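Keep in mind that this is a model prediction, so the values were computed, not measured. Worth knowing before you read on, the calculation uses all heavy atoms, side chains too, and leaves out hydrogens, waters and symmetry mates.
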Amino acid sequence: MNRKGVFLLALALLVLLTGCWNRRELNDLAIVMGTGIDKIDGEYVISAQIVNPGGVASKESGGMSQSAVATYSMRASSIFEGIRKMTTVTPRRLYFSHIQVLVLGEQIAKEGTKEVLDLLFRDHEVRPDFYVILAKDATALQILSMIDPLEKIPATKLYKSLETAESAWGSIVSIQLDEFIADLLREGIEPVLVGVNLKGKVHTGTSIGNSQKESQSTLLRYHEIGVFKEDKLRGWFNEEESIGFSYITDRVDSTIEEIPCNKNNKIVIEIIRNKTTVKGKVEKGKPQVEVSISAEGTVGEVACRIDLSDPKTMYKLEADVEKQIRDKILSAIHKAQKQYRSDVFGFGQSIYQNDPKGWEKVKEDWDSQFSNLKVKIKTDVKLRRTGKVGNSFIPFMKKE
């Protein structure tokens with residue numbers, strides 16, 4: 001190729017190598033890890049938890065102690081306005097692409113979340129794969145301001161704790177923004193969100209000293225599931241009902257079931273696997289739903305005189321666990337039907353998927369149909385192991 005050809009080829013390549021028209025330097029950005037939105041006295045309170053690179057670096061290198069984050073808040077008549085006004089107090093422009101959690105105040109949830117979610121879902125900078133949680137009996141700002149000794153960034157603590165709790169305790173569910181919006185839009189299902197509250201004194205938990213104590217005086221705790229009707233919070237499932245919800249929606253990875261064996265003692269069963277199937281249809285003009293639970297468990301703790309080597313004992317334990325799971329499921333269904341009239345289980349969605357023609361007949365009156373729906377529950381539990389030992393040694397210990 002001659003020189004002229006090389007020159008033309010290089011010129012063509014240079015035209016294709018365009019720069020980033022909207023590039024921004026990292027030093028000019030404030031990386032937001034967590035966002036909180038409250039509503040107080042008719043105004044929005046927007047909170048943003050921003051990473052402090054100097055604080056993170058100082059803790060990793062053993063330098064002077066600094067906070068790893070800075071949490072800013074701003075009151076405004078709209079959420080968009082509040083985010084923009086926050087630039088008057090932050091030295092850098094807020095960058096929302098790395099949000100891990102969005103904390104919504106309870107008042108916001110009760111009045112309706114669609115305006116909040118529309119803004120975040122619409123913004124091209126915000127990815128919709130972060131978790132949405134509800135501040136219960138506290139404000140979103142208080143939740144975001146909590147300091148933990150194991151995590152430098154409180155938003156990361158909320159993120160990791162949620163994933164850990166969901167895998168180990170059946171009453172906790174993790175819901176991302178896009179999943180919440182999908183449940184708002186789909187027929188025959190209503191959304192839910194997990195709640196987080198404070199255990200202890202708020203002013204203590206928001207100080208750096210809270211993270212330096214051997215035993216924290218204030219803790220964050222995920223607790224109970226918020227039930228929505230469209231985009232508004234109707235109320236809460238208690239812990240037992242929340243576990244029942246998780247069984248129905250096939251969200252239980254592992255959890256604990258306690259079976260009383262006498263007045264003061266109990267046997268603890270660890271559920272290690274669970275599979276739920278929900279089948280819905282319309283027969284003779286009436287919707288019908290069947291929930292089938294298939295679970296496996298192990299004996300985790302025994303504090304009473306019982307012969308685990310006897311097959312009859314194991315069969316009895318399996319039946320007791322099946323009944324307990326069934327009771328939790330029925331309790332959750334009853335509250336959703338009679339108190340909240342909200343199909344958070346997706347029974348209508350199951351009918352739509354399995355019997356589309358039948359769904360067309362009942363969907364216009366689904367609120368009433370759901371409230372009077374008879375749900376058939378089938379539970380099957382198999383206990384596979386009893387741990388390293390068989391019968392417990394506790395009942396045979398010498399009495400003092």
Side-chain angles (χ1 to χ4, degrees), residues 109 112-114 117-118 121 128-129 131-132 134 166 170-171 173-194 225-237 241-253 274-295 325-326 328-380:
T113 60
K114 55 180 180 289
L117 303 180
D118 177 80
F121 199 66
D129 58 353
Y131 293 127
V132 185
L134 294 176
E166 183 181 39
S171 68
V173 296
S174 61
I175 307 293
Q176 295 182 337
L177 176 65
D178 49 0
E179 183 182 355
F180 185 86
I181 291 176
D183 287 345
L184 280 175
L185 298 176
R186 288 192 296 166
E187 294 182 334
I189 188 170
E190 300 289 350
V192 299
L193 288 175
V194 71
I225 292 174
V227 178
F228 282 73
K229 180 69 174 178
E230 297 180 347
D231 71 320
K232 296 180 180 179
L233 177 67
R234 282 291 185 89
W236 298 87
F237 283 146
E241 294 157 352
S242 296
I243 295 175
F245 167 84
S246 294
Y247 274 118
I248 295 172
T249 54
D250 199 24
R251 292 176 177 272
V252 173
D253 292 325
N274 177 73
K275 179 62 181 175
T276 302
T277 57
V278 179
K279 295 180 180 179
K281 61 181 179 179
V282 176
E283 202 168 86
K284 297 181 180 179
K286 291 187 177 181
Q288 298 180 6
V289 170
E290 180 179 284
V291 178
S292 299
I293 309 289
S294 179
I325 292 174
R326 190 161 51 247
K328 290 177 180 178
I329 289 173
L330 290 172
S331 179
I333 291 173
H334 184 267
K335 179 175 278 190
Q337 286 180 321
K338 304 305 180 183
Q339 188 169 338
Y340 302 138
R341 294 173 64 88
S342 176
D343 182 10
V344 292
F345 314 106
F347 291 153
Q349 181 66 202
S350 178
I351 295 173
Y352 168 73
Q353 292 174 350
N354 293 288
D355 186 6
K357 292 182 179 179
W359 173 248
E360 290 297 322
K361 298 176 182 178
V362 299
K363 71 175 185 178
E364 296 301 326
D365 189 34
W366 182 239
D367 282 354
S368 176
Q369 296 276 8
F370 169 73
S371 296
N372 297 287
L373 179 67
K374 301 296 183 183
V375 182
K376 186 176 182 180
I377 309 296
K378 291 183 177 180
T379 55
D380 180 37

Pairwise side-chain contact, [X] with [Y], heavy-atom cut-off 4.5 Å (strictly under):
X      : Y      : value
Val132 : Ile175 : no
Tyr247 : Thr379 : no
Val194 : Ser174 : no
Ile293 : Ile329 : yes

Could you tell me whether a side-chain N or O of [X] sits under 3.5 Å from a main-chain N or O of [Y], the two making a donor and an acceptor?
X      : Y      : answer
Ser171 : Ser242 : no
Gln349 : Ile189 : no
Asp231 : Thr113 : yes
Thr276 : Ile248 : no
Gln369 : Lys286 : no
Asn354 : Ser350 : yes

_Stepwise side chain to side chain contact (heavy atoms under 4.5 Å, CB included) check, Phe245 with Val173_ = CA-CA 10 Å; Phe245 167 84; Val173 296; 4.0 Å; yes
Atom [atom1] in [X], atom [atom2] in [Y]: separation rounded to 0.5 Å?
X      : Y      : atom1 : atom2 : result
Ile243 : Ile225 : CD1   : CD1   : 9.0 Å
Lys232 : Lys114 : NZ    : NZ    : 6.0 Å
Phe347 : Thr249 : CZ    : OG1   : 9.5 Å
Ser371 : Gln339 : OG    : CD    : 12.0 Å
Asp250 : Ser292 : CG    : OG    : 11.5 Å

*asked:* Under the criterion side chain to side chain contact (heavy atoms under 4.5 Å, CB included), I'd like the reasoning laid out for Glu290 against Lys378: C-alpha separation, chi angles, the key distance, then a yes or no.
replied: CA-CA 8 Å; Glu290 180 179 284; Lys378 291 183 177 180; 3.7 Å; yes
_Walk me through whether Ile333 and Val291 qualify under side chain to side chain contact (heavy atoms under 4.5 Å, CB included)._
CA-CA 11 Å; Ile333 291 173; Val291 178; 5.5 Å; no
*Residues two or more places apart in sequence or in another chain: which of them pass side-chain contact (heavy atoms from CB on, under 4.5 Å) with Leu330?*
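For Leu330 the side-chain contact (heavy atoms from CB on, under 4.5 Å) partners, ignoring immediate neighbours, are Arg326, Ile377.
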*With sequence neighbours excluded, tell me which residues meet side-chain contact (heavy atoms from CB on, under 4.5 Å) with Glu230.*
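Only Glu190 meet the side-chain contact (heavy atoms from CB on, under 4.5 Å) criterion with Glu230.
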*asked:* How about NZ on Lys229, more than 12 heavy atoms from neighbouring residues, nucleotides or ligands closer than 6.0 Å, or not?
replied: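 Counting other residues, nucleotides and ligands, NZ of Lys229 exceeds 12 neighbours.
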*Hey, is OH on Tyr340 packed in by over 12 heavy atoms from elsewhere, all under 6.0 Å?*
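Yes, because the 6.0 Å sphere around OH of Tyr340 holds more than 12 heavy atoms from other groups.
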*Hey, could you give me each pair passing salt bridge (charged side-chain N to carboxylate O under 4.0 Å, His left out) that has a residue in residues 334-345? Not counting sequence neighbours.*
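Qualifying pairs: Glu241-Lys335.
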_Of all pairs that satisfy salt bridge (charged side-chain N to carboxylate O under 4.0 Å, His left out), the ones with a partner from residues 179-189, not counting sequence neighbours_ =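 The answer is Glu179-Arg251, Asp183-Arg186, Glu187-Lys363.
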Identify the heavy atoms of [X] and [Y] that sit nearest to each other, and give their distance.
X      : Y      : result
Pro287 : Leu373 : O-CD1, 3.2 Å
Pro191 : Val344 : O-CG1, 3.7 Å
Val362 : Gly285 : CG1-O, 4.2 Å

*Parallel, tilted or perpendicular for Phe237 and Phe345, by the 30°/60° rule?*
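Rings of Phe237 and Phe345: parallel, under 30°.
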*Please name all residues satisfying salt bridge (charged side-chain N to carboxylate O under 4.0 Å, His left out) with Asp253, sequence neighbours left out, ordered by chain then number.*
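Once residues adjacent in sequence are excluded, Asp253 has no partner under the salt bridge (charged side-chain N to carboxylate O under 4.0 Å, His left out) criterion.
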_ring-ring contact (aromatic ring centres under 6.0 Å, His included) partners for Trp366, two or more places apart_ =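 Partners of Trp366 under the ring-ring contact (aromatic ring centres under 6.0 Å, His included) test: Trp359.
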